[in-house]
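This report refers to the structure that appears directly beneath it.
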Amino acid sequence: MKGKTVMFVGDSLGRNQWQSLICMIYATVPQTQTQLVRGEPLSTFRFLDYGVTISFYRAPYLVEIDVVQGKRILRLEEVDGNGDAWRSADVLSFNTGHWWDHQGSLQGWDYMELGGKYYQDMDRLAALERGIKTWANWVDSNIDSSRTKVFFLGISPSHTNPNEWNSGVTAGLTTKNCYGETSPIISTGTAYPGVYPEQMRVVDMVIREMSNPAYLLDITMLSAFRKDAHPSIYSGDLNPQQRANPTYSADCSHWCLPGLPDTWNELFYTALFY
């Protein structure tokens, strides 16, 4: 990979994987010279002795989001400026998903634009499908698959509902999420634990329809078993009052490092080189 660039594009789950890969590589060459440049939307880590660049480009929807007259417009049919930075990478790994479900103050847009019309909201799965199709069309039209390898990280599951791993039994449960969980879900066969993310069905369908399909790094099911692998209240971003109220503050979406994203990267490495 000397002289090459690997770029992760997406939301904070993609950043989770980016950070994991940097740490894993650095652990094997701890004496090498490195450089980290943080920016928005692009952050870059370089292994200077090898000329290898590992980047993260923050684009939680993959499609364009603009501010017009103080309003955030999520343009479901445009990639535009985002893609200019992606074309130069030798390996691209995309992800999206979690931000499409945000409600209230966490919602990242004021209006969605589709077909020249503006909507305050719409079916979230339909919006995701339209956005990913726009991304897929951009990849097919702009990325030379003989030069650049394209991956898509499957939907990363959250563990916010203990009913999914306690067979519906709520008696005796002290929290309403992953807080206090210290062991994985025990597999009872090939069934998906909990509710399979409908977003994953959309991702799988759109990728299958691409002219040059991205490699789907399907980490969804293996990650679903790891209810114990989230930062919970120990992410370092919470104040004492928040830590004292894990029902509302525990982070059950992101993953501890070292941890599960290291497994994602073992699979990523295998798919990339074998």
Side-chain angles (χ1 to χ4, degrees), residues 1-60 85-86 88-95 97-98 148-159 178 181-185 214-238 250-274:
M1 293 295 290
K2 187 175 183 179
K4 296 188 181 296
T5 297
V6 177
M7 182 180 290
F8 294 91
V9 180
D11 60 24
S12 52
L13 279 308
R15 184 181 66 214
N16 231 174
Q17 188 181 4
W18 171 66
Q19 293 168 330
S20 163
L21 184 60
I22 290 171
C23 292
M24 294 176 77
I25 296 174
Y26 185 77
T28 67
V29 285
Q31 304 304 318
T32 192
Q33 296 295 308
T34 62
Q35 179 190 60
L36 172 62
V37 179
R38 292 190 180 275
E40 181 63 35
L42 180 65
S43 294
T44 299
F45 192 98
R46 294 185 176 91
F47 292 89
L48 299 176
D49 297 338
Y50 298 90
V52 171
T53 300
I54 314 289
S55 298
F56 172 68
Y57 189 101
R58 184 179 178 277
W86 307 345
S88 61
D90 299 287
V91 179
L92 284 165
S93 177
F94 295 92
N95 91 289
H98 284 227
T148 301
K149 295 186 177 181
V150 179
F151 292 78
F152 198 102
L153 181 71
I155 301 299
S156 176
S158 299
H159 291 93
C178 67
E181 296 295 337
T182 58
S183 61
I185 297 172
Y215 186 102
L216 178 59
L217 196 68
D218 189 354
I219 51 79
T220 303
M221 185 166 179
L222 71 88
S223 303
F225 288 100
R226 294 303 309 277
K227 61 182 171 63
D228 59 314
H230 298 285
S232 183
I233 63 170
Y234 305 105
S235 68
D237 297 327
L238 304 182
D251 182 348
C252 299
S253 297
H254 300 100
W255 305 94
C256 295
L257 292 178
L260 179 63
D262 298 345
T263 300
W264 299 354
N265 279 321
E266 294 280 5
L267 298 172
F268 180 50
Y269 173 88
T270 301
L272 183 59
F273 292 110
Y274 293 93

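In what follows, residues are counted from 1 in the order of the sequence shown. Fair warning: this is a prediction, and the values are worked out from it, not measured in the lab.
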Among Trp86, Tyr57, Phe152, the one residue meeting side chain to side chain contact (heavy atoms under 4.5 Å, CB included) with Leu92
Trp86
Residue pairs involving residues 22-33 (criterion side chain to side chain donor-acceptor pair (under 3.5 Å); sequence neighbours excluded):
Thr32-Asp49
Decide whether Ser235 and Asp251 meet the rule of one side-chain donor and one side-chain acceptor closer than 3.5 Å.
no
Hey, are Trp255 and Ser156 close enough side-chain-wise for a donor-acceptor pair under 3.5 Å?
yes
Do you know which two heavy atoms are closest between Met1 and Val52, and how far apart they sit?
O-CG2, 3.3 Å
Is any side-chain heavy atom of Ser232 closer than 4.5 Å to a side-chain heavy atom of Glu181?
no
Nearest 0.5 angstrom please: Ile233 CD1 to Leu238 CG, how far?
7.5 Å
When every non-hydrogen atom of Ile25 is compared with those of Ile54, the smallest separation belongs to CD1-CD1, 4.1 Å
Scanning both residues in full, the closest heavy-atom pair of Thr220 with Pro157 reads O-CG, 3.7 Å
Residues Leu267 and Leu222: closest non-hydrogen pair is CD1-CD2, 3.7 Å
Met7 versus Ala85, closest heavy-atom pair with distance:
CE-O, 3.4 Å
Return the set of residues passing disulfide (SG to SG under 2.5 Å) with Cys252 (not counting sequence neighbours), or none when no residue passes.
Cys178
Sorted by chain and number, sequence neighbours left out, side chain to side chain contact (heavy atoms under 4.5 Å, CB included) with Thr44 holds for Leu42, Arg46, Thr53, Ser55
What residues form a side chain to side chain contact (heavy atoms under 4.5 Å, CB included) with Asn95, not counting sequence neighbours?
Asp11, Leu13, Leu153
Taking only residues two or more places apart in sequence, or in another chain, which ones meet Phe268 in a ring-ring contact (aromatic ring centres under 6.0 Å, His included)?
Phe8, Phe151
Do Lys227 and Ser183 have side chains that approach each other closer than 4.5 Å (heavy atoms only, starting at C-beta)?
yes
What closest approach, in Å, do His254 and His230 show between heavy atoms, and which atom pair accounts for it?
O-ND1, 2.6 Å
Is a side-chain donor-acceptor pair under 3.5 Å present for Ser223 with Trp264?
yes
Sequence neighbours excluded, which residues qualify as ring-ring contact (aromatic ring centres under 6.0 Å, His included) partners of Tyr269?
Phe273
